[in-house]
Number of protein chains: 2
Amino acid sequence: MAERQERADAARNRAAILRATEDLLRDDTADRVPIEAIAARAGVGKGTVFHRFGNRAGLLRALLERRAEELRARVEDGPPPLGPGAPPRDRLNAFLAATVDLATRNIAVITAYEQAAPDRHAEPVYRFWHEHVRGLVAEARDDLDADLVAHILLGSLHGDLVLHLIRRGESDRLVTTLRQVSDALLGEAP
Amino acid sequence: MAERQERADAARNRAAILRATEDLLRDDTADRVPIEAIAARAGVGKGTVFHRFGNRAGLLRALLERRAEELRARVEDGPPPLGPGAPPRDRLNAFLAATVDLATRNIAVITAYEQAAPDRHAEPVYRFWHEHVRGLVAEARDDLDADLVAHILLGSLHGDLVLHLIRRGESDRLVTTLRQVSDALLGEAP
DNA sequence: AGTCCAACTGGACCGATGGTCAACTTATCG
DNA sequence: CGATAAGTTGACCATCGGTCCAGTTGGACT
(Lines give C-alpha, C1' and ligand atoms only; values in the text may rest on other atoms or scores of the structure.)
Protein backbone atom coordinates (compact mmCIF):
# COMPACT_ATOMS: atom_id res chain seq x y z
CA MET A 1 0.00 0.00 0.00
CA ALA A 2 2.95 2.33 0.64
CA GLU A 3 3.26 5.17 -1.84
CA ARG A 4 6.02 4.44 -4.27
CA GLN A 5 9.05 6.32 -3.02
CA GLU A 6 10.03 9.50 -4.87
CA ARG A 7 13.25 9.03 -6.77
CA ALA A 8 16.33 10.59 -5.22
CA ASP A 9 16.99 13.03 -8.05
CA ALA A 10 13.36 14.06 -8.02
CA ALA A 11 13.46 14.78 -4.30
CA ARG A 12 16.62 16.80 -4.78
CA ASN A 13 15.00 18.86 -7.50
CA ARG A 14 11.85 19.40 -5.47
CA ALA A 15 13.94 20.83 -2.67
CA ALA A 16 15.98 22.99 -5.04
CA ILE A 17 12.83 24.40 -6.64
CA LEU A 18 11.24 25.28 -3.32
CA ARG A 19 14.43 26.92 -2.15
CA ALA A 20 14.74 28.90 -5.38
CA THR A 21 11.17 30.09 -5.01
CA GLU A 22 11.81 31.26 -1.49
CA ASP A 23 14.95 33.06 -2.55
CA LEU A 24 13.33 34.87 -5.44
CA LEU A 25 10.32 35.86 -3.36
CA ARG A 26 12.59 37.14 -0.62
CA ASP A 27 14.73 39.38 -2.83
CA ASP A 28 11.46 40.71 -4.12
CA THR A 29 12.91 43.50 -6.18
CA ALA A 30 10.62 41.93 -8.71
CA ASP A 31 7.12 41.43 -7.38
CA ARG A 32 6.13 39.07 -10.14
CA VAL A 33 8.23 35.91 -10.26
CA PRO A 34 7.76 33.82 -13.41
CA ILE A 35 8.10 30.06 -13.16
CA GLU A 36 10.86 30.14 -15.71
CA ALA A 37 12.99 32.33 -13.44
CA ILE A 38 12.45 29.89 -10.60
CA ALA A 39 13.46 26.98 -12.77
CA ALA A 40 16.61 28.78 -13.89
CA ARG A 41 17.57 29.63 -10.34
CA ALA A 42 17.00 26.04 -9.25
CA GLY A 43 19.10 24.80 -12.13
CA VAL A 44 16.34 22.71 -13.68
CA GLY A 45 14.16 22.96 -16.76
CA LYS A 46 10.81 24.68 -16.66
CA GLY A 47 9.07 21.42 -17.47
CA THR A 48 10.39 19.88 -14.27
CA VAL A 49 8.69 22.48 -12.15
CA PHE A 50 5.33 21.77 -13.72
CA HIS A 51 5.91 18.05 -13.55
CA ARG A 52 6.53 18.27 -9.80
CA PHE A 53 3.92 20.82 -8.79
CA GLY A 54 1.27 20.80 -11.49
CA ASN A 55 0.96 24.52 -11.86
CA ARG A 56 1.85 27.82 -10.31
CA ALA A 57 -0.73 27.51 -7.56
CA GLY A 58 0.54 24.03 -6.68
CA LEU A 59 4.07 25.31 -6.25
CA LEU A 60 3.08 28.17 -3.98
CA ARG A 61 0.76 25.87 -2.06
CA ALA A 62 3.57 23.44 -1.37
CA LEU A 63 5.75 26.29 -0.15
CA LEU A 64 3.10 27.74 2.12
CA GLU A 65 2.21 24.34 3.51
CA ARG A 66 5.78 23.79 4.50
CA ARG A 67 5.79 27.12 6.30
CA ALA A 68 2.49 26.36 8.01
CA GLU A 69 3.44 22.84 9.02
CA GLU A 70 5.15 23.80 12.26
CA LEU A 71 2.15 25.85 13.36
CA ARG A 72 -0.19 22.98 12.65
CA ALA A 73 1.89 20.67 14.79
CA ARG A 74 1.96 23.14 17.67
CA VAL A 75 -1.79 23.55 17.48
CA GLU A 76 -2.52 19.85 17.47
CA ASP A 77 0.07 18.54 19.91
CA GLY A 78 1.91 21.45 21.46
CA PRO A 79 1.62 23.04 24.88
CA PRO A 80 -1.23 25.41 25.76
CA PRO A 81 -2.42 27.99 25.09
CA LEU A 82 -1.80 27.22 21.42
CA GLY A 83 -2.17 23.50 21.86
CA PRO A 84 -5.05 21.62 23.49
CA GLY A 85 -5.89 22.23 27.13
CA ALA A 86 -6.37 25.97 27.45
CA PRO A 87 -9.82 27.63 27.40
CA PRO A 88 -11.06 28.36 23.87
CA ARG A 89 -10.72 32.15 24.29
CA ASP A 90 -7.05 31.80 25.09
CA ARG A 91 -6.44 29.28 22.36
CA LEU A 92 -8.13 31.56 19.88
CA ASN A 93 -6.06 34.56 20.83
CA ALA A 94 -2.88 32.53 20.74
CA PHE A 95 -3.78 31.12 17.35
CA LEU A 96 -4.64 34.46 15.83
CA ALA A 97 -1.39 35.94 17.09
CA ALA A 98 0.50 33.00 15.63
CA THR A 99 -1.12 33.25 12.21
CA VAL A 100 -0.56 36.99 12.04
CA ASP A 101 3.05 36.33 12.83
CA LEU A 102 3.25 33.62 10.20
CA ALA A 103 1.62 35.84 7.60
CA THR A 104 3.87 38.74 8.44
CA ARG A 105 7.03 36.72 8.13
CA ASN A 106 5.86 35.17 4.87
CA ILE A 107 4.07 38.02 3.24
CA ALA A 108 5.67 37.50 -0.16
CA VAL A 109 4.56 33.88 -0.28
CA ILE A 110 1.07 34.81 0.88
CA THR A 111 0.48 37.47 -1.75
CA ALA A 112 1.90 35.33 -4.54
CA TYR A 113 -0.29 32.46 -3.37
CA GLU A 114 -3.44 34.57 -3.27
CA GLN A 115 -2.78 35.74 -6.80
CA ALA A 116 -2.31 32.21 -8.06
CA ALA A 117 -5.15 30.57 -6.12
CA PRO A 118 -7.94 33.11 -5.86
CA ASP A 119 -10.38 30.86 -4.03
CA ARG A 120 -8.96 30.44 -0.56
CA HIS A 121 -11.97 28.43 0.53
CA ALA A 122 -10.73 25.52 -1.53
CA GLU A 123 -7.18 25.67 -0.19
CA PRO A 124 -6.05 23.13 2.41
CA VAL A 125 -4.13 25.49 4.67
CA TYR A 126 -6.99 27.94 4.84
CA ARG A 127 -9.47 25.13 5.48
CA PHE A 128 -7.45 23.91 8.41
CA TRP A 129 -7.14 27.36 9.93
CA HIS A 130 -10.79 28.04 9.41
CA GLU A 131 -11.92 24.79 10.92
CA HIS A 132 -9.77 25.38 13.97
CA VAL A 133 -11.07 28.89 14.54
CA ARG A 134 -14.62 27.83 13.85
CA GLY A 135 -14.38 25.13 16.48
CA LEU A 136 -12.96 27.46 19.12
CA VAL A 137 -15.58 30.11 18.47
CA ALA A 138 -18.36 27.54 18.64
CA GLU A 139 -17.01 26.20 21.90
CA ALA A 140 -16.96 29.63 23.50
CA ARG A 141 -20.26 30.90 22.16
CA ASP A 142 -22.94 28.65 20.78
CA ASP A 143 -25.20 31.54 19.79
CA LEU A 144 -22.95 32.88 17.04
CA ASP A 145 -22.54 31.84 13.42
CA ALA A 146 -19.14 30.38 14.22
CA ASP A 147 -18.43 29.42 10.64
CA LEU A 148 -18.83 32.96 9.41
CA VAL A 149 -17.18 34.61 12.39
CA ALA A 150 -14.14 32.45 11.65
CA HIS A 151 -14.08 33.64 8.05
CA ILE A 152 -14.32 37.24 9.19
CA LEU A 153 -11.51 36.90 11.70
CA LEU A 154 -9.29 35.17 9.18
CA GLY A 155 -10.14 37.81 6.62
CA SER A 156 -7.64 40.01 8.43
CA LEU A 157 -4.86 37.86 7.07
CA HIS A 158 -5.44 38.88 3.47
CA GLY A 159 -2.16 39.84 1.92
CA ASP A 160 -3.15 43.37 1.05
CA LEU A 161 -3.92 44.34 4.66
CA VAL A 162 -0.86 42.65 6.09
CA LEU A 163 1.33 44.25 3.46
CA HIS A 164 -0.24 47.63 4.11
CA LEU A 165 0.70 47.36 7.78
CA ILE A 166 4.18 46.00 7.17
CA ARG A 167 4.94 48.93 4.90
CA ARG A 168 4.20 51.21 7.83
CA GLY A 169 6.10 48.98 10.25
CA GLU A 170 2.96 48.48 12.31
CA SER A 171 2.14 44.82 11.98
CA ASP A 172 1.74 44.45 15.75
CA ARG A 173 -1.37 46.63 15.63
CA LEU A 174 -3.10 43.74 13.94
CA VAL A 175 -2.46 41.35 16.81
CA THR A 176 -3.68 43.88 19.35
CA THR A 177 -6.83 44.81 17.49
CA LEU A 178 -7.69 41.26 16.55
CA ARG A 179 -7.47 40.38 20.22
CA GLN A 180 -9.86 43.23 21.07
CA VAL A 181 -12.26 42.03 18.43
CA SER A 182 -12.20 38.44 19.62
CA ASP A 183 -12.55 39.50 23.25
CA ALA A 184 -15.51 41.67 22.40
CA LEU A 185 -17.09 38.81 20.49
CA LEU A 186 -16.49 35.97 22.89
CA GLY A 187 -16.49 38.00 26.07
CA GLU A 188 -13.27 38.61 27.98
CA ALA A 189 -11.85 35.67 29.81
CA PRO A 190 -13.02 35.68 33.44
CA MET B 1 -11.23 76.27 -16.48
CA ALA B 2 -13.97 73.79 -17.31
CA GLU B 3 -12.76 70.37 -18.42
CA ARG B 4 -12.92 70.06 -22.13
CA GLN B 5 -16.14 68.23 -22.95
CA GLU B 6 -15.83 64.60 -24.09
CA ARG B 7 -16.68 64.23 -27.73
CA ALA B 8 -20.08 62.73 -28.55
CA ASP B 9 -18.70 59.62 -30.24
CA ALA B 10 -16.31 59.07 -27.37
CA ALA B 11 -19.10 59.28 -24.83
CA ARG B 12 -21.16 56.85 -26.87
CA ASN B 13 -18.30 54.38 -26.97
CA ARG B 14 -17.59 54.76 -23.26
CA ALA B 15 -21.18 53.81 -22.53
CA ALA B 16 -21.12 50.92 -24.98
CA ILE B 17 -17.91 49.55 -23.46
CA LEU B 18 -19.25 49.70 -19.92
CA ARG B 19 -22.45 48.03 -20.97
CA ALA B 20 -20.57 45.30 -22.82
CA THR B 21 -18.44 44.67 -19.75
CA GLU B 22 -21.51 44.33 -17.57
CA ASP B 23 -23.12 41.96 -20.04
CA LEU B 24 -20.11 39.72 -20.34
CA LEU B 25 -19.58 39.62 -16.59
CA ARG B 26 -23.23 38.80 -16.06
CA ASP B 27 -23.36 35.84 -18.44
CA ASP B 28 -20.31 34.63 -16.64
CA THR B 29 -20.13 31.28 -18.36
CA ALA B 30 -16.59 32.45 -18.83
CA ASP B 31 -15.02 33.66 -15.61
CA ARG B 32 -12.14 35.36 -17.34
CA VAL B 33 -13.23 38.12 -19.67
CA PRO B 34 -10.45 39.43 -21.95
CA ILE B 35 -10.52 43.08 -22.96
CA GLU B 36 -10.63 42.05 -26.57
CA ALA B 37 -13.93 40.25 -26.02
CA ILE B 38 -15.36 43.33 -24.39
CA ALA B 39 -14.26 45.49 -27.29
CA ALA B 40 -15.81 43.10 -29.79
CA ARG B 41 -19.08 43.03 -27.89
CA ALA B 42 -19.13 46.83 -27.71
CA GLY B 43 -18.42 47.07 -31.41
CA VAL B 44 -15.20 49.04 -31.02
CA GLY B 45 -11.52 48.30 -31.42
CA LYS B 46 -9.41 47.09 -28.55
CA GLY B 47 -7.32 50.25 -28.71
CA THR B 48 -10.37 52.34 -27.93
CA VAL B 49 -10.94 50.55 -24.67
CA PHE B 50 -7.42 51.25 -23.51
CA HIS B 51 -7.61 54.81 -24.74
CA ARG B 52 -10.72 55.42 -22.64
CA PHE B 53 -9.85 53.53 -19.48
CA GLY B 54 -6.08 53.22 -19.40
CA ASN B 55 -5.95 49.56 -18.49
CA ARG B 56 -7.98 46.66 -17.24
CA ALA B 57 -8.10 47.94 -13.69
CA GLY B 58 -9.28 51.34 -14.88
CA LEU B 59 -12.17 49.81 -16.77
CA LEU B 60 -13.35 47.73 -13.85
CA ARG B 61 -12.85 50.67 -11.52
CA ALA B 62 -15.08 52.87 -13.66
CA LEU B 63 -17.73 50.19 -13.66
CA LEU B 64 -17.62 49.65 -9.92
CA GLU B 65 -17.62 53.36 -9.22
CA ARG B 66 -20.79 53.74 -11.22
CA ARG B 67 -22.39 51.00 -9.17
CA ALA B 68 -21.20 52.53 -5.92
CA GLU B 69 -22.20 56.06 -6.78
CA GLU B 70 -25.77 55.78 -5.56
CA LEU B 71 -24.65 54.40 -2.23
CA ARG B 72 -22.17 57.26 -1.79
CA ALA B 73 -24.92 59.78 -2.41
CA ARG B 74 -27.24 58.12 0.09
CA VAL B 75 -24.50 58.08 2.69
CA GLU B 76 -23.60 61.73 2.26
CA ASP B 77 -27.01 63.31 1.73
CA GLY B 78 -29.69 60.70 2.23
CA PRO B 79 -32.05 60.09 5.12
CA PRO B 80 -30.91 58.31 8.31
CA PRO B 81 -29.87 55.79 9.33
CA LEU B 82 -27.63 55.54 6.26
CA GLY B 83 -27.31 59.28 5.89
CA PRO B 84 -26.20 61.80 8.50
CA GLY B 85 -28.25 62.23 11.67
CA ALA B 86 -28.52 58.78 13.19
CA PRO B 87 -26.22 57.53 15.98
CA PRO B 88 -22.95 56.06 14.67
CA ARG B 89 -23.88 52.52 15.68
CA ASP B 90 -26.99 52.64 13.55
CA ARG B 91 -25.25 54.31 10.67
CA LEU B 92 -22.56 51.67 10.76
CA ASN B 93 -25.00 48.80 10.72
CA ALA B 94 -26.95 50.39 7.91
CA PHE B 95 -23.80 51.00 5.92
CA LEU B 96 -22.47 47.48 6.35
CA ALA B 97 -25.81 46.04 5.29
CA ALA B 98 -25.80 48.29 2.24
CA THR B 99 -22.29 47.36 1.16
CA VAL B 100 -22.95 43.67 1.61
CA ASP B 101 -25.99 44.10 -0.57
CA LEU B 102 -23.99 46.01 -3.16
CA ALA B 103 -21.23 43.41 -3.18
CA THR B 104 -23.72 40.58 -3.46
CA ARG B 105 -25.51 42.10 -6.39
CA ASN B 106 -22.23 42.90 -8.17
CA ILE B 107 -20.14 39.94 -7.26
CA ALA B 108 -18.80 39.41 -10.77
CA VAL B 109 -17.56 42.99 -10.98
CA ILE B 110 -16.02 42.77 -7.53
CA THR B 111 -14.04 39.63 -8.18
CA ALA B 112 -12.83 40.83 -11.58
CA TYR B 113 -11.83 44.12 -9.98
CA GLU B 114 -9.91 42.46 -7.17
CA GLN B 115 -8.00 40.40 -9.69
CA ALA B 116 -7.09 43.44 -11.74
CA ALA B 117 -6.29 45.81 -8.87
CA PRO B 118 -4.78 43.71 -6.11
CA ASP B 119 -4.10 46.61 -3.72
CA ARG B 120 -7.50 47.72 -2.54
CA HIS B 121 -5.95 50.26 -0.20
CA ALA B 122 -5.08 52.42 -3.18
CA GLU B 123 -8.53 52.21 -4.74
CA PRO B 124 -10.90 55.19 -4.44
CA VAL B 125 -14.08 53.26 -3.69
CA TYR B 126 -12.42 51.26 -0.97
CA ARG B 127 -10.83 54.38 0.51
CA PHE B 128 -14.20 56.08 0.73
CA TRP B 129 -15.83 53.10 2.39
CA HIS B 130 -12.96 52.70 4.78
CA GLU B 131 -12.88 56.34 5.76
CA HIS B 132 -16.61 56.31 6.42
CA VAL B 133 -16.47 53.21 8.59
CA ARG B 134 -13.34 54.44 10.36
CA GLY B 135 -15.09 57.68 11.27
CA LEU B 136 -18.18 55.95 12.62
CA VAL B 137 -16.17 53.51 14.70
CA ALA B 138 -14.05 56.32 16.11
CA GLU B 139 -17.16 58.29 16.99
CA ALA B 140 -18.68 55.39 18.89
CA ARG B 141 -15.55 54.18 20.64
CA ASP B 142 -12.44 56.28 21.02
CA ASP B 143 -10.47 53.50 22.68
CA LEU B 144 -10.26 51.28 19.62
CA ASP B 145 -7.90 51.31 16.66
CA ALA B 146 -10.69 52.56 14.43
CA ASP B 147 -8.58 52.49 11.29
CA LEU B 148 -7.81 48.84 11.66
CA VAL B 149 -11.24 47.83 12.89
CA ALA B 150 -12.62 49.39 9.73
CA HIS B 151 -10.27 47.34 7.58
CA ILE B 152 -11.28 44.19 9.41
CA LEU B 153 -14.99 44.84 9.04
CA LEU B 154 -14.61 45.64 5.36
CA GLY B 155 -12.49 42.54 4.92
CA SER B 156 -15.76 40.62 4.93
CA LEU B 157 -16.53 42.04 1.52
CA HIS B 158 -13.71 40.23 -0.20
CA GLY B 159 -15.00 38.54 -3.32
CA ASP B 160 -14.07 35.04 -2.30
CA LEU B 161 -16.16 35.10 0.88
CA VAL B 162 -19.15 36.75 -0.75
CA LEU B 163 -19.01 34.31 -3.64
CA HIS B 164 -18.73 31.40 -1.25
CA LEU B 165 -21.93 32.48 0.46
CA ILE B 166 -23.79 33.26 -2.72
CA ARG B 167 -23.04 29.79 -4.04
CA ARG B 168 -24.85 28.41 -0.98
CA GLY B 169 -27.63 30.95 -1.27
CA GLU B 170 -26.84 32.29 2.18
CA SER B 171 -25.64 35.83 1.63
CA ASP B 172 -27.97 37.18 4.32
CA ARG B 173 -25.94 35.39 6.98
CA LEU B 174 -23.22 37.92 6.34
CA VAL B 175 -25.44 40.87 7.20
CA THR B 176 -26.62 39.21 10.39
CA THR B 177 -23.21 38.19 11.60
CA LEU B 178 -21.57 41.46 10.69
CA ARG B 179 -24.19 43.19 12.76
CA GLN B 180 -23.40 40.94 15.70
CA VAL B 181 -19.73 41.69 15.33
CA SER B 182 -20.23 45.43 15.17
CA ASP B 183 -22.66 45.38 18.11
CA ALA B 184 -20.19 43.39 20.17
CA LEU B 185 -17.43 45.83 19.31
CA LEU B 186 -19.24 49.10 19.76
CA GLY B 187 -21.70 47.97 22.38
CA GLU B 188 -25.37 47.54 21.56
CA ALA B 189 -27.33 50.72 21.02
CA PRO B 190 -29.00 51.75 24.30
C1' DA C 1 -20.42 76.13 -45.97
C1' DG C 2 -15.66 75.37 -45.46
C1' DT C 3 -11.24 74.74 -42.86
C1' DC C 4 -8.67 72.83 -39.45
C1' DC C 5 -6.93 70.10 -35.74
C1' DA C 6 -7.22 67.88 -31.43
C1' DA C 7 -9.52 64.03 -30.17
C1' DC C 8 -10.60 59.69 -31.37
C1' DT C 9 -10.32 55.02 -33.57
C1' DG C 10 -8.72 50.38 -34.93
C1' DG C 11 -6.19 46.52 -35.25
C1' DA C 12 -1.56 44.81 -36.37
C1' DC C 13 2.01 44.00 -33.46
C1' DC C 14 4.86 42.98 -29.31
C1' DG C 15 6.47 40.82 -25.08
C1' DA C 16 5.51 38.20 -21.14
C1' DT C 17 4.14 34.04 -19.31
C1' DG C 18 1.58 29.74 -17.96
C1' DG C 19 1.29 25.43 -19.50
C1' DT C 20 2.08 21.13 -22.91
C1' DC C 21 4.57 17.47 -25.07
C1' DA C 22 7.40 14.07 -27.28
C1' DA C 23 12.01 12.68 -27.42
C1' DC C 24 15.58 11.56 -24.42
C1' DT C 25 17.99 10.19 -19.91
C1' DT C 26 18.51 7.73 -15.57
C1' DA C 27 17.60 5.73 -10.92
C1' DT C 28 16.25 1.68 -9.14
C1' DC C 29 14.87 -3.05 -8.71
C1' DG C 30 15.19 -7.99 -9.43
C1' DC D 1 23.23 -6.03 -16.12
C1' DG D 2 18.89 -5.28 -18.41
C1' DA D 3 14.33 -3.63 -18.17
C1' DT D 4 11.33 -0.02 -17.26
C1' DA D 5 8.94 3.36 -14.79
C1' DA D 6 10.01 7.78 -13.43
C1' DG D 7 12.06 11.91 -14.40
C1' DT D 8 13.94 15.73 -17.37
C1' DT D 9 14.04 19.17 -20.88
C1' DG D 10 13.34 23.22 -23.65
C1' DA D 11 11.15 24.22 -27.92
C1' DC D 12 6.58 25.25 -28.81
C1' DC D 13 1.81 26.96 -28.30
C1' DA D 14 -1.98 29.95 -26.96
C1' DT D 15 -3.55 33.75 -24.51
C1' DC D 16 -3.64 38.40 -23.26
C1' DG D 17 -2.54 43.05 -21.69
C1' DG D 18 -0.82 46.91 -23.51
C1' DT D 19 1.45 49.97 -27.36
C1' DC D 20 1.54 52.58 -31.50
C1' DC D 21 0.73 55.06 -35.45
C1' DA D 22 -1.67 55.83 -39.68
C1' DG D 23 -6.08 57.12 -40.80
C1' DT D 24 -10.76 59.27 -39.49
C1' DT D 25 -13.99 62.67 -37.65
C1' DG D 26 -16.63 65.85 -34.45
C1' DG D 27 -17.25 70.33 -33.75
C1' DA D 28 -15.25 75.06 -32.95
C1' DC D 29 -14.40 79.01 -35.38
C1' DT D 30 -14.61 81.95 -39.29
Side-chain angles (χ1 to χ4, degrees), chain A residues 1-21 24-25 28-63 108-109 111-119, chain B residues 1-21 24-25 28-63 108-109 111-119:
Chain A
M1 278 300 101
E3 295 273 316
R4 188 173 192 80
Q5 178 79 12
E6 187 172 66
R7 249 168 62 170
D9 53 345
R12 207 161 41 237
N13 282 338
R14 151 172 279 127
I17 291 165
L18 288 174
R19 188 144 32 80
T21 311
L24 290 178
L25 285 176
D28 63 336
T29 325
D31 47 9
R32 174 111 187 123
V33 180
I35 298 283
E36 210 161 357
I38 292 171
R41 171 87 174 217
V44 303
K46 181 184 177 176
T48 303
V49 178
F50 285 99
H51 185 73
R52 275 283 92 64
F53 297 99
N55 56 28
R56 190 178 170 81
L59 170 58
L60 273 331
R61 183 181 305 125
L63 192 51
V109 181
T111 53
Y113 184 49
E114 282 177 2
Q115 273 291 328
D119 187 11
Chain B
M1 281 301 101
E3 295 273 317
R4 189 171 191 80
Q5 178 80 10
E6 184 172 69
R7 248 167 63 170
D9 54 344
R12 206 159 43 237
N13 282 338
R14 152 171 278 127
I17 291 165
L18 288 174
R19 190 145 29 81
T21 310
L24 290 178
L25 285 175
D28 65 335
T29 325
D31 47 10
R32 173 109 188 128
V33 179
I35 299 284
E36 211 161 357
I38 293 171
R41 171 87 174 218
V44 304
K46 180 184 178 177
T48 303
V49 178
F50 284 100
H51 185 73
R52 274 285 91 64
F53 297 100
N55 55 29
R56 189 177 172 82
L59 170 60
L60 273 331
R61 184 180 305 125
L63 192 51
V109 181
T111 52
Y113 183 50
E114 282 177 2
Q115 273 291 327
D119 187 11

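Quick note: numbers below take in every heavy atom, side chains included, and nothing from hydrogens, waters or symmetry partners. Proteins come first, then strands; the chains are lettered A, B, ... in the order of their sequence lines, and each starts at number 1.
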Distance col, row B/I38:CD1 vs B/K46:NZ, nearest 0.5 angstrom, shows 11.5 Å
Once you round it to whole Å, what is the distance between P of D/dG7 and CZ of A/R12? 13 Å
Could you give the CG-to-P distance, from A/N13 to D/dA6, as a whole number of Å? 17 Å
Whole-Å gap separating P (D/dC16) and CD (B/Q115): 13 Å
According to salt bridge (Lys or Arg N to Asp or Glu O under 4.0 Å), who are the partners of A/R12, at least two apart in sequence or on a separate chain? none
Interatomic distance where CG belongs to B/L59 and P belongs to D/dG18 [whole Å]: 10 Å
Rounding to a whole Å, what distance do you find between B/E6:CD and D/dT25:C1'? 15 Å
Check whether any side-chain nitrogen or oxygen of B/T48 sits under 4.0 Å from OP1 or OP2 of C/dG10, and answer yes or no. yes
How does protein reach along nucleotides 15-26 of chain C, written 5' to 3' as B (base within reach of a heavy atom under 4.0 Å), S (only sugar-phosphate), or - (no contact)? --SBBB-----B
Quick one: CZ on A/R32 to OG1 on A/T111, what's the gap to the nearest 0.5 Å? 11.0 Å
What's the shortest heavy-atom distance between B/L25 and B/A108, and which atoms? O-CB, 3.6 Å
Distance-minimising heavy-atom pair for A/A16 and A/A42: O-CB, 3.7 Å
Interatomic distance, B/R52 CZ vs D/dG18 C1' [rounded to whole Å]: 16 Å
Can you tell me if the side-chain N/O atoms of A/R14 get under 4.0 Å from OP1 or OP2 in D/dG7? no
Expected list for residues 52-63 of chain B: side-chain donor-acceptor pairs under 3.5 angstrom, two or more places apart:
| from | atom 1 | to | atom 2 | distance (Å) |
| --- | --- | --- | --- | --- |
| B/N55 | OD1 | B/A57 | N | 3.2 |
| B/N55 | OD1 | B/G58 | N | 2.8 |
| B/R56 | NH1 | B/V33 | O | 2.8 |
| B/R56 | NH2 | B/V33 | O | 3.3 |
| B/R61 | NE | B/E123 | OE1 | 2.7 |
| B/R61 | NH2 | B/E123 | OE1 | 3.3 |
| B/R61 | NH2 | B/E123 | OE2 | 3.2 |

